[in-house]
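These notes are about the structure you will find just below.
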Amino acid sequence: MTLAELFLATAPGRAAPAAIDNGRRQAAQGLTLLAKAELGLDDKDAADAALKRAAQYSRLVGLVEVDLEIRTTAGQLALARNDPSAALAEIQRALPEAERIGRTGNLVQLYQLQARSFAGLRRPADALTSIRRSMDLVEEIRGTLQESSLRSGYIEDKQGIYQFAVRIALRTQNAADAFAFAERARARAFLDLLGNSTTLSKGRTRALVQEEVQLRARLAEAQALASDSESETGEARQAKEAVEAADRDYRAFLERVRKENIEQASLMTVEPVTLTEIQGLLPEGTTLVEYLVGNADVVIWIIERHRAKALTVRGARADLVASVRTLRAAIADQAPLAEIERQAAKLYDGLLAPARAEIQGTRLLIVPHDVLHYLPFAALRSPAGRWLIEDYALATLPSASVLKFLAAKDASNAHPLALGNPDVGPALNLRYAEREARVVGETYPDATVLVRDAASEARVKALAGSAGMLHFATHAELNESEPMSSALLLTPGDGEDGRLEVRELFGLDLHARLVVLSACETGLGKLSRGDDLVGLQRAFLYAGTPAVVTTLWKVDDRASFVLMREFYVRLKTAAPGEALSLAQRETLRQFPHPFAWAGYGLTGTPW
């Protein structure tokens with residue numbers, strides 16, 4: 001018995017009707033929460049009993065909002081009992097009420113439950129219609145949230161909707177829709193950070209960001225006033241009209257941004273790329289392999305210019321996470337090669353072998369997901385006893401949608417800028433990093449080379465915008481809890497603290513065709529459930545460069561020097577992706593252990 005029920009049982013006969021109604025209201029709400037808790041503990045009978053009692057109190061008081069929660073929970077209970085017909089009946093009774101009173105949050109969940117009910121009844125087309133409606137509402141709510149943490153967190157909490165949509169689309173043999181849903185889910189948390197802050201936008205788009213923030217604030221304020229107004233008053237009608245006007249102006253603004261700056265539009269609203277668009281951007285001989293990791297399987301898309309296919313590989317996510325961690329630990333600890341080869345072959349079998357027959361090109365463009373962002377794909381081991389980097393030139397993308405923005409980057413072929421071994425204290429001295437920077441100067445006579453005291457943050461900010469290529473041979477600092485504070489460590493002075501942070505990088509207007517971050521763990525960052533890695537590589541991509549070379553672990557100083565020397569020699573005649581792959585192959589001949597070469601990767605366009 002809830003406290004409210006106890007009150008009702010012991011209330012004196014002369015208790016005021018308002019007090020009785022309040023007790024019934026609290027009883028209904030408390031019992032609904034109890035039912036949800038019992039359902040979470042998989043006690044279906046206890047959940048059912050609590051819901052029936054809650055419904056009795058709700059009917060006595062006429063609580064529409066509580067009745068919605070009761071019906072929603074009843075639908076969940078029916079699905080848990082594998083009774084999709086009963087679940088659908090509950091949901092379809094609740095949906096009109098939720099629509100009538102404008103409870104968008106409830107509608108998101110109700111349409112999702114309706115989709116699951118349709119799926120259980122083997123009606124995938126209806127399930128797809130319902131889940132599309134749920135996604136549309138999720139993104140509509142997200143657009144009204146003011147704080148970036150709220151916007152990204154809201155999407156992170158709804159990833160199951162997108163995952164479900166992908167699998168329903170695959171069930172209907174619609175690989176293109178499934179791909180679009182996967183892209184729709186990607187990168188939202190990171191893009192929200194950009195789209196919500198004027199300090200994280202380049203100068204030429206800052207006015208658009210400011211205008212968006214103001215319009216979104218106006219819309220949120222109008223919606224708050226409308227929700228506080230009585231439904232039948234003149235004031236309520238006026239508030240509703242204000243919401244409609246604000247919403248109309250915001251949508252018109254987004255349409256204008258799409259025409260002026262499509263990349264900035266992607267930071268403000270969901271602009272997923274289509275499968276056909278991606279195919280049009282892929283050169284002959286390049287295969288895009290995109291992953292979507294679920295709790296019990298991995299979806300793999302294999303996309304080439306004239307063909308595409310989707311595969312589903314069964315396997316628990318927990319096992320995949322353990323395998324990636326084991327391989328990374330073995331490489332970092334420089335375990336015997338035989339042990340690393342065994343772990344690398346196991347991951348190859350699960351992630352590449354199923355797709356190998358569909359891959360016709362010699363260049364792989366990989367879009368990782370979830371824990372796969374931390375996997376050194378170069379070190380996967382084929383049954384023929386070859387590392388993946390020996391068979392393919394490799395590059396990665398944070399999402400396939402990014403490719404259409406990178407293809408339009410205004411890259412320059414101006415002189416390179418190389419920084420090596422900045423003076424950040426004797427404990428952080430990198431002897432080979434200085435030599436590495438000088439190799440750039442030897443290979444490219446017109447390069448500007450800055451080492452030790454000269455490798456300062458102030459000089460970088462002054463010179464980076466005019467450089468055709470940027471090379472940083474320095475330490476990096478990763479901040480998992482506050483990823484926008486992750487930084488490259490440079491020499492301080494001239495008003496700068498020496499920390500070139502991610503948040504500062506977004507404000508740069510770069511035209512370099514390539515950025516090389518030959519530093520510790522520059523390819524890492526905070527991985528959100530929205531599946532974007534908030535790190536240095538993504539910052540440079542947005543700042544203006546189409547390709548970034550980064551590392552996944554604390555690289556060996558001497559091996560890094562050898563690899564970078566080989567890379568720059570080959571870069572004079574080969575594209576960045578091909579040059580890096582050739583340099584890794586040469587380095588592994590001198591340093592066979594993957595610790596020396598597998599941590600390097602190119603993110604962005606490799607051609």
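As the structure is a computational prediction, the values presented were derived from the model and not from experiment.
In this structure, the separation between CD1 on Ile302 and CG on Leu311 is 4.0 Å, given to the nearest 0.5 Å. Leu352 contributes atom CG, which lies 5.0 Å from atom CG of Leu388 (distance to the nearest 0.5 angstrom). The distance from atom CH2 of Trp301 to atom CG of Leu288, rounded to the nearest 0.5 Å, is 11.0 Å. Distance check, rounded to the nearest 0.5 Å: CE of Met564 to CG of Leu571 gives 10.0 Å. Considering CG of Leu417 and CE of Met469, their distance stands at 10.0 Å, rounded to 0.5 Å. To the nearest 0.5 Å, the span separating CD on Gln584 from CG on Leu602 amounts to 9.5 Å.
At distances below 3.5 Å, not a single donor-acceptor pair connects side-chain atoms of Glu304 with backbone N or O atoms of Gly285. With hydrogens and angles ignored, the 3.5 Å screen pairs a side-chain donor or acceptor of Ser466 with a backbone N or O of Leu463. Put simply, the side chain of Ser323 gets close to the backbone of Asp319: a donor and an acceptor are under 3.5 Å apart. Glu183 contributes a side-chain N or O that, together with a main-chain N or O of Ser401, makes up a donor-acceptor pair within less than 3.5 Å. In this structure, Lys572 contributes its side chain and Thr443 its backbone to a donor-acceptor pair below 3.5 Å. Here the side chain of Arg585 pairs a donor or acceptor atom with the backbone of Ile389 at under 3.5 angstrom. Side chain of Glu277 to main chain of Thr274: a donor-acceptor pair is present (N/O by atom type, distance under 3.5 Å, no hydrogens or angles). Between the side chain of Arg305 and the backbone N or O of Gly280, at least one donor-acceptor pair lies under 3.5 Å. Between the side chain of Thr605 and the backbone N or O of Trp607, no donor-acceptor pair lies under 3.5 Å. No donor-acceptor pair under 3.5 Å is formed between the side chain of Thr474 and the backbone N or O of Gly420.
Within a 6.0 Å radius of CZ in Arg325, no more than 12 heavy atoms belonging to other residues, nucleotides or ligands are found. Counting non-hydrogen atoms of other residues, nucleotides and ligands closer than 6.0 Å to CG of Asp497 gives a total above 12.
Between Glu457 and Lys461 there is a salt bridge, since at least one side-chain N of the basic residue sits less than 4.0 Å from a carboxylate O of the acidic one. Comment: Arg307 engages Glu358 in a salt bridge, judged by a side-chain N to carboxylate O separation of less than 4.0 angstrom.
At least one side-chain heavy atom of Thr603 sits less than 4.5 Å from a side-chain heavy atom of Pro398. Within the 4.5 Å cutoff, side-chain heavy atoms of Leu320 are placed close to those of Val293. Side-chain contact between Leu517 and Val548: present, with at least one pair of heavy atoms (C-beta onward) separated by less than 4.5 Å. Contact annotation: the side chain of Tyr392 never approaches that of Arg363 to less than 4.5 Å [non-hydrogen atoms, C-beta and beyond]. Using a 4.5 Å heavy-atom threshold, the side chains of Val439 and Phe561 count as touching. Two residues are said to be in side-chain contact when any heavy atoms from C-beta on lie closer than 4.5 Å; Ile331 and Ile340 meet this criterion. Between Asp446 and Pro416, some side-chain heavy-atom pair lies under the 4.5 Å cut-off. Between Gln590 and Val562 the shortest side-chain heavy-atom distance falls below 4.5 Å.
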Practice item. Output, in order, the C-alpha distance, side-chain angles, deciding distance and verdict of side chain to side chain contact (heavy atoms under 4.5 Å, CB included) for Thr448 and Leu450. Key: CA-CA 7 Å; Thr448 298; Leu450 305 175; 4.1 Å; yes
Review point. Please walk me through it: do Arg317 and Asp370 pass side chain to side chain contact (heavy atoms under 4.5 Å, CB included)?
Key: CA-CA 10 Å; Arg317 177 183 177 275; Asp370 199 87; 2.9 Å; yes
Review point. Going through the distances and angles, do Val460 and Leu500 end up as a side chain to side chain contact (heavy atoms under 4.5 Å, CB included)?
Key: CA-CA 9 Å; Val460 169; Leu500 184 56; 4.0 Å; yes
Review point. Is there a side chain to side chain contact (heavy atoms under 4.5 Å, CB included) between Leu397 and Leu403 once you walk through the steps?
Key: CA-CA 8 Å; Leu397 289 171; Leu403 193 59; 4.0 Å; yes
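Shortest non-hydrogen contact noted between Pro606 and Ala575 is O-CB, 3.3 Å. When every heavy atom of Arg452 is checked against every heavy atom of Thr491, the shortest pair comes out as O-OG1, 2.9 Å. When all heavy atoms of Arg459 and Ala454 are compared, the pair lying nearest together is CG-O, 3.7 Å. Nearest heavy-atom pair across Ala596 and Phe591 is CB-CB, 3.4 Å. Of all heavy-atom pairs between Ala437 and Val451, the closest is CB-CG1, 4.2 Å. Scanning both residues, Ala393 and Glu578, for their nearest heavy atoms gives CB-OE1, 3.7 Å.
For the residue pair Tyr600 and Ser560, a side-chain donor N or O sits within less than 3.5 Å of a side-chain acceptor on the partner. Using modelled atom types, one finds no donor on one side chain facing an acceptor on the other under 3.5 Å when comparing Thr326 with Gln343. One side chain, Glu284 or His306, offers a donor N or O that lies under 3.5 Å from an acceptor on the other.
Residue pairs meeting the salt bridge (Lys or Arg N to Asp or Glu O under 4.0 Å) criterion with at least one partner in residues 387-396, sequence neighbours excluded, are Arg356-Asp391, Arg386-Asp391.
With Val289 as the fixed residue, the side chain to side chain contact (heavy atoms under 4.5 Å, CB included) test singles out one of Leu364, Ile303, Thr396: Leu364. Screening Val299, Leu351, Val313 for a side chain to side chain contact (heavy atoms under 4.5 Å, CB included) involving Tyr291 leaves a single residue, Leu351.
Among residues two or more places apart in sequence or in another chain, the ring-ring contact (aromatic ring centres under 6.0 Å, His included) test is passed with Tyr568 by His471.
A cation-pi arrangement, defined by a distance under 6.0 Å to the six-membered ring centre and an angle within 45 degrees of its axis, is present between Arg381 and Trp387.
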